[in-house]
Colleague: 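Below is a structure I'd like to ask you about.
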Amino acid sequence: MKKTLFAFILLCGLNGFAQQLFPTLTCETLADKTLVIPNDVKGKRSVVCLAMSPKAEKMLRVWNNPLYTALFAQGMGGLMGGNMYDANLCFVGMLKGIAKLGLAEAKKQSKKEVDKKLYQNFMVSDDDVNTLMKNLSISDVKEPHFFILDADGKIVYHTQGEYSEQKMNELTEKLL
C-alpha cells in the first residue's frame with residue numbers, strides 16, 4: 001500500500017499536479033489600471049515577464065517585439081491573426097530599494113517608448129522584490145524572468161535570460 005501511494009504521489013508530481021501558484025503581484029499598467037497577478041489574469045493562460053533591475057529591463061526590451069509578435073501574430077492575417085495562443089501577456093518592471101522612488105518617472109518614460117495599443121501589457125510594480133524573489137526561488141535579478149501561468153494562475157514553465165530563438169520556441173511550445 002505504501003509503495004502504491006508513494007508511486008502515485010511521485011507520478012502526480014511529475015505530471016505537474018504540484019505546480020506552484022504564482023505569488024500575488026500588484027501592478028499598474030501604462031493605461032493607469034491596477035492589475036493583480038494572478039487573480040486578474042485567471043481564466044486564461046498568461047506569460048508574465050519580470051525585470052527586477054536595469055540590466056534585466058534592457059534584456060527584456062529585446063524580448064518585447066518577438067514575444068508580442070509570437071503571441072498575437074499581428075499583421076499575419078488569415079488563421080494566424082489575433083491571439084493564437086489565447087494568452088495574456090504581462091511585461092512587469094520592478095525597482096528595488098531606493099530606486100523605487102523613481103517608479104513614477106520610469107512609468108512616464110515607458111509611456112513615451114511603448115505604443116499606446118500595448119499599454120495594457122506593460123506595467124510597473126512597487127511590490128517588494130526580495131519577497132517576490134524568495135517566493136519564486138529567483139536568485140539573479142540581473143536577468144529577466146519569464147513565467148507561463150495556467151488558467152488557474154499556477155506556474156507551468158519558467159525561463160530566464162537573454163533572448164534566443166531557442167528560448168522563444170521553448171516558451172511558445174509550452175503554450176500549445
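Keep in mind that what you see is a predicted model, and the values were worked out from it rather than measured.
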Colleague: Nearest 0.5 Å please: distance from the SG atom of Cys49 over to the CG atom of Leu60.
Modeller: 6.0 Å
Colleague: Any side-chain heavy atom of Pro38 sitting closer than 4.5 Å to one from Asp152?
Modeller: no
Colleague: Has Asn135 got a side-chain atom pairing as donor or acceptor with Pro23's backbone, closer than 3.5 angstrom?
Modeller: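 Absent.
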Colleague: My understanding is that only residues two or more places apart in sequence, or in another chain, count here; which of them pass salt bridge (charged side-chain N to carboxylate O under 4.0 Å, His left out) with Glu113?
Modeller: Arg61
Colleague: So which heavy atom on Gln160 is nearest to which on Lys167, and how close?
Modeller: O-NZ, 2.6 Å
Colleague: Could you tell me if the side chain of Lys174 sits less than 4.5 Å from the side chain of Thr159, heavy atoms only?
Modeller: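 With C-beta onward as the side chain, the pair stays apart.
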Colleague: Say whether, by atom type as modelled, one donor and one acceptor occur between the side chain of Thr26 and the main chain of Val36 under 3.5 angstrom.
Modeller: no
Colleague: Name the orientation class of the two ring planes belonging to Tyr163 and Trp63 (parallel below 30°, tilted from 30 to 60°, perpendicular beyond 60°).
Modeller: perpendicular
Colleague: So do Leu149 and Ile155 actually touch side chain to side chain, heavy atoms under 4.5 Å?
Modeller: yes
Colleague: What are the two closest heavy atoms between Val41 and Cys90, and how far apart are they?
Modeller: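 Between these two residues, the closest heavy atoms are CG1-SG, 4.2 Å.
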Colleague: Can you name the closest pair of heavy atoms from Lys142 and Ser53 and give their distance?
Modeller: CA-OG, 3.6 Å
Colleague: Side chains of Leu136 and Phe22, heavy atoms from C-beta outward: is any pair under 4.5 Å?
Modeller: yes
Colleague: Please step through side chain to side chain contact (heavy atoms under 4.5 Å, CB included) for the pair Lys33 and Leu35, ending with a clear verdict.
Modeller: CA-CA 6 Å; Lys33 303 226 187 277; Leu35 182 80; over 6 Å; no
Colleague: Take Asp127 and Leu132, measure what side chain to side chain contact (heavy atoms under 4.5 Å, CB included) needs, and give me the verdict at the end.
Modeller: CA-CA 8 Å; Asp127 282 6; Leu132 185 67; over 6 Å; no
Colleague: Just to verify, what does Lys111 make a side-chain hydrogen bond (donor to acceptor under 3.5 Å, both in side chains) with, not counting sequence neighbours?
Modeller: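 Testing Lys111 for side-chain hydrogen bond (donor to acceptor under 3.5 Å, both in side chains), a comparison that skips the adjacent residues, returns Asp32.
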Colleague: Find out whether Ile37 and Ser46 are in side-chain contact, i.e. whether some heavy atom of one side chain is under 4.5 Å from a heavy atom of the other.
Modeller: no
Colleague: Please report the shortest heavy-atom distance between Thr34 and Asp40, naming the atom on each side.
Modeller: O-OD2, 4.0 Å
Colleague: Does Glu143 have any salt bridge (charged side-chain N to carboxylate O under 4.0 Å, His left out) partners at least two apart in sequence or in another chain, and if so, which?
Modeller: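 Glu143: no salt bridge (charged side-chain N to carboxylate O under 4.0 Å, His left out) contacts found.
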Colleague: Looking only at heavy atoms, which two atoms of Leu171 and Ile148 are closest? And how far apart?
Modeller: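 Smallest interatomic distance, heavy atoms only, reads O-CD1, 3.3 Å.
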Colleague: Measure the shortest side-chain to side-chain distance between Tyr119 and Thr29 over non-hydrogen atoms and say whether it is less than 4.5 angstrom.
Modeller: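 Of all side-chain heavy-atom pairs linking Thr29 with Tyr119, none is under 4.5 Å.
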Colleague: How long is the span from the CG atom in Leu25 to the OG atom in Ser125, to the nearest 0.5 Å?
Modeller: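 Here the interatomic distance stands at 4.0 Å.
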Colleague: Under 3.5 Å, side chain of His145 to main-chain N/O of Asp140, donor-acceptor pair present?
Modeller: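 Side chain of His145 to backbone of Asp140: a pair is present.
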